[in-house]
Number of protein chains: 2
Amino acid sequence: MMAESPRRGVPEATVGRLPGYLRALTELSETGRDSVSSDELAEKTGVRGAQVRKDLSILGSYGVRGVGYDVTRLSDQIAAELGLSQVRPVVIVGIGNLGRALASYSGLATRGFRVVGLVDNDPAVIGSVVDGLVVRPVSALDTFTELPDPVAVGVIATPTAAAQEVADLLVRHGVRSILSFAPGVLRVPADVHVRAVDLATELQILAFHEHQRELADEGQDAG
Amino acid sequence: MMAESPRRGVPEATVGRLPGYLRALTELSETGRDSVSSDELAEKTGVRGAQVRKDLSILGSYGVRGVGYDVTRLSDQIAAELGLSQVRPVVIVGIGNLGRALASYSGLATRGFRVVGLVDNDPAVIGSVVDGLVVRPVSALDTFTELPDPVAVGVIATPTAAAQEVADLLVRHGVRSILSFAPGVLRVPADVHVRAVDLATELQILAFHEHQRELADEGQDAG
DNA sequence: ATATGTGAAGACGTTCACAGCA
DNA sequence: TGCTGTGAACGTCTTCACATAT
């Protein structure tokens, strides 16, 4: 009745920090370091040492007491946990400035992904070459989703008005992970994962804190 | 010694949802609706009704029992809470594809912000016009930070290697809110707020869940 | 001596369930 | 009757503190 594997269900909060650890470990590896302590890893990723240890212990990781963690081994383990042992193909829909920025972002290739498709519906853009790939019409989505290794992640970089339609299209083509840069909630089946990044939301959160400081300053001046 | 206002310290989780509520309310307002229930607002923002009510009660909001919330009034109240009663000036550093995408994103103007400065260090880019603004050299940052209404938020859209340097520069110019699109942790004084958006991190989190489904599928086939 | 791994405590966030009001 | 506002229950995440291992 119970699971027998060393760890069951990595907490979402931990999952959110794994990419940061992985990035720090990659940097350490490039500078030739082969061991790192939880406190140093914490310092490099902006969390506390105890948090790092808890996170890594959830993965069933083996550090060495009195020494630290083996950089290469831990790196491999986190990559495996994130499913990055295989390179994951990505398709970008909407090749405006944002789509272009994403297409040419080298951080993707170095961190487990490969952009295999660029799609747009603007005839003026279709056929142009961006970062070595020809932009294809939306109708060509099959090309990328019917491969033996089908596209895993769809990125929506279209105007807001088209986002839901594109999401529906991606879902119909079997894509189960979507990263959207459009504001608003996308309606998708329960087995599809969506992450949304919204610039205005981020700025508004910053504005809130800015505003709080203003209130605090006023309070001090006039209190 | 103690605050007397109706609410002290809005929880960070609530702050993170306020922009979503605001967006939904703006849409409702545009379609002429003047009242909305917590359940409807919840449905439009992807949270639960009880969550909406809890969040709004923290703001000291007045809904009407049996009826719902007044769209305009609630909208104004959330905008005020987020410090959006005044338009906040934004400067974007790094005018590549990403910087351009941000500069021409209409969602900023409609949601409380105004891009007042574009800055780059590439002579080939300096002097060009993007979305009605001339790109200025980094040395011109003073132009935007020494106004009577100084720049509130700096956006870092540079390559990774330049991000920390730009952050230092922004801080030196008095900017206390930074939105960074570069991977990695920026080192800033404690009174400066940083929010980081990293594409690769988002994709890796999606990859994790994709991977989990693969494991689940295998387990079902071979279990 | 040094740094991991982890139970226990504490802080934080969400959901329930219903009293209270229109 | 309908929907808000909220204490209380519940669940999740973080931090502490120290036993444990090298």
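In what follows, chains are A, B, ... by sequence order, proteins preceding strands, each numbered from 1.
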Exactly one of B:Val93, B:Val171, B:Val155 clears side chain to side chain contact (heavy atoms under 4.5 Å, CB included) with B:Ile178, and that residue is B:Val171

Atom CG of A:Leu74 and atom C1' of C:dT4 are separated, to the nearest Å, by 13 Å

A:Tyr69 OH to C:dT2 P, in whole Å, measures 18 Å

Examine distances only and state if a side-chain atom of B:Glu202 and a backbone atom of A:Val197 form a donor-acceptor pair shorter than 3.5 Å. no

Query raised in the report: Do A:Tyr105 and A:Leu102 pass the side-chain contact (heavy atoms from CB on, under 4.5 Å) test, and can you show the C-alpha distance, the side-chain angles, and the key distance before you say yes or no?
Result: CA-CA 5 Å; A:Tyr105 177 43; A:Leu102 304 176; 5.5 Å; no

From CG of B:Leu41 across to P of D:dC3 the rounded distance in Å is 14 Å

Reading nucleotides 12-22 of chain C from 5' to 3' and marking B where a protein heavy atom lies under 4.0 Å of the base, S where only the sugar-phosphate is that close, and - otherwise, the string is -SSBBB-BBBS

note: A:Ile58, atom CD1; D:dC13, atom C1'; distance rounded to Å ~ 10 Å

note: B:Leu56, atom CG; D:dG5, atom P; distance rounded to Å ~ 8 Å

Between A:Glu12 and B:His209, do the side chains contain an N or O donor and an N or O acceptor separated by less than 3.5 Å?
-> yes

Would you say A:Ser38 places a side-chain N or O within less than 4.0 Å of OP1 or OP2 belonging to C:dT4? yes

- Please answer whether the main-chain N or O of B:Phe113 pairs with a side-chain N or O of B:Arg88 as donor and acceptor at a distance below 3.5 Å. no

When rounded to whole Å, the OH to P distance for the pair B:Tyr62 and D:dT6 reads 10 Å

Rounding to 0.5 Å, atoms CG (A:Leu206) and CD (A:Gln204) come to a distance of 10.5 Å

